[in-house]
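Since we're looking at a predicted model, the values are computed, not measured.
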Amino acid sequence: MSNVLLIGKDFPDSLDFCSSLCLQENKIFTNQNLEEKNINPPQNVFTTNWNKASAISAHSFIIKAETELQNINHVIFYFDSQNFTSKFSEDKTEEVAAANDCMINSFMFTANELIKRIDQQKEKITVTFLLKSYPSKAEVLSSAKNISIVPATNLVSSAEAAFEKFAENFAIYVNDRDYLSVILAKCPFSNEFYNDENAIANWVNESYKTISTQKNKQTVKQALNWVKVGDRISSGFKLFR
């Protein structure tokens, strides 16, 4: 069993993902969407809410997670572009600040506060950056496959690109810590698991178990390799293609 801190995909949007992790004997702490309080989390899923525009609130969120779970073994930063596209479906000026808080600032605030706690405790932990991408306007326009979908807005596509670079730089920044491992995982729109949150969660869980039992410290090259969801994580990591 591992204790999981899930950041990015709020409950109940993450219901299937969380439920699958719970079936693998994990406990999860995550944020709950205040607008959907009528859905109760399953057993071993604990929720709270926090102000994503506030670093202080991010600190409190992590402390609450530690209090509920006792200790955190696995942190998952989950950027689901399709889910965010449903929330930020128009490129309106009045949406920019809220979109940045939700899709960029919240990840940075929690990551920075998390590193402080990890460095204080120096206990073994794995951080997974899970990017479930969604076609941008440019990708839909240039695709030879005639994708018949409403593409992501500029707000979401820009935030997705920021998340990818943030994940890579996080992996470099923390690489000197023997107690911290990083998994960078991509699930593109063409992935067979894309619409199956249960399969994605099971893959993430198995990947965590693989890397958490490795004896050798990750190299920078290994930490920076994006792994395709569904591929097997090995000691060398399979590079995303």
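Listed by chain and residue number, nothing satisfies the side chain to side chain contact (heavy atoms under 4.5 Å, CB included) test with V150 (two or more places apart in sequence, or in another chain). For F46, the ring-ring contact (aromatic ring centres under 6.0 Å, His included) criterion is met by no residue, not counting sequence neighbours. Here F109 pairs with nothing under the ring-ring contact (aromatic ring centres under 6.0 Å, His included) rule; sequence neighbours left out. Evaluation of the ring-ring contact (aromatic ring centres under 6.0 Å, His included) rule for Y78 yields F17 as partners, not counting sequence neighbours. The side-chain hydrogen bond (donor to acceptor under 3.5 Å, both in side chains) check on E206 picks up K209, with sequence neighbours excluded.
By the 6.0 Å contact criterion, NZ on K92 is open, its count of non-hydrogen atoms from other residues, nucleotides or ligands being 12 or less. The neighbour count for N216 CG, taken as heavy atoms of other residues, nucleotides or ligands under 6.0 Å away, does not exceed 12. Atom CD of E25 sits in a sparse spot, with 12 or fewer heavy atoms from other residues, nucleotides or ligands closer than 6.0 Å. The number of heavy-atom neighbours closer than 6.0 Å to OH of Y173, taken from other residues, nucleotides and ligands shown, is 12 or below. The number of heavy-atom neighbours closer than 6.0 Å to CD of Q120, taken from other residues, nucleotides and ligands shown, is above 12. Around atom NZ of K217, more than 12 heavy atoms belonging to other residues, nucleotides or ligands sit under 6.0 Å away.
Considering every non-hydrogen atom in both T110 and I62, the closest pair reads O-CD1, 3.5 Å.
Counting only residues at least two apart or in different chains, ring-ring contact (aromatic ring centres under 6.0 Å, His included) contacts with residues 82-105 comprise F79-F84.
Here the side chain of E68 pairs no donor or acceptor atom with the backbone of A65 at under 3.5 angstrom. Although no hydrogens or angles enter the test, the distance criterion places a donor-acceptor pair under 3.5 Å between the side chain of Q70 and the main chain of T67. Although no hydrogens or angles enter the test, the distance criterion places a donor-acceptor pair under 3.5 Å between the side chain of K122 and the main chain of D119. Within the 3.5 Å criterion, the main-chain N or O of N154 finds no donor-acceptor partner in the side chain of S157. T213 places a side-chain N or O within 3.5 Å of a backbone atom of T210 that can act as its donor or acceptor partner.
If you run side chain to side chain donor-acceptor pair (under 3.5 Å) between H59 and each of E113, R117, K64, only E113 comes through. For the side-chain contact (heavy atoms from CB on, under 4.5 Å) criterion with P41, the lone passing option out of I28, T47, L15 is T47.
Comment: E164 engages K186 in a salt bridge, judged by a side-chain N to carboxylate O separation of less than 4.0 angstrom. A salt bridge between D13 and K87 is present, with a side-chain N of the basic residue lying under 4.0 Å from a carboxylate O of the acidic one. Between E160 and K132, no side-chain nitrogen of the basic residue sits less than 4.0 Å from a carboxylate oxygen of the acidic one, so the salt-bridge criterion is not met.
Side-chain atoms of N71 and N3 include a donor-acceptor pair closer than 3.5 Å. No side-chain donor-acceptor contact under 3.5 Å links S57 and N51. When only modelled atom types and interatomic distance are considered, N31 and D10 share a side-chain donor-acceptor pair under 3.5 Å. Side-chain contact of N26 with S2: a donor-acceptor pair under 3.5 Å is present, judged by distance alone.
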>> Is there a side chain to side chain contact (heavy atoms under 4.5 Å, CB included) between I233 and I183? Walk through the geometry before answering.
In response: CA-CA 9 Å; I233 283 194; I183 299 173; 3.9 Å; yes
>> I'd like to know whether V182 forms a side chain to side chain contact (heavy atoms under 4.5 Å, CB included) with V174, so could you lay out the CA-CA distance, the side-chain angles of the two residues, the decisive distance to 0.1 Å, and finally the verdict.
In response: CA-CA 9 Å; V182 177; V174 303; 3.7 Å; yes
> Passes salt bridge (Lys or Arg N to Asp or Glu O under 4.0 Å), K52 versus D101? Steps please.
Replying inline: CA-CA 6 Å; K52 294 184 178 182; D101 286 338; over 6 Å; no
>> side chain to side chain contact (heavy atoms under 4.5 Å, CB included), that's the test. Do F170 and I115 meet it? Break it down for me.
In response: CA-CA 10 Å; F170 180 94; I115 289 173; 3.5 Å; yes
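Under the 4.5 Å side-chain criterion, counting only non-hydrogen atoms from C-beta, I39 is in contact with F11. Counting heavy atoms from C-beta outward, V75 and I125 have side chains that approach closer than 4.5 Å.
Classification of the W50-F61 ring pair by plane angle, with boundaries at 30° and 60°, yields parallel.
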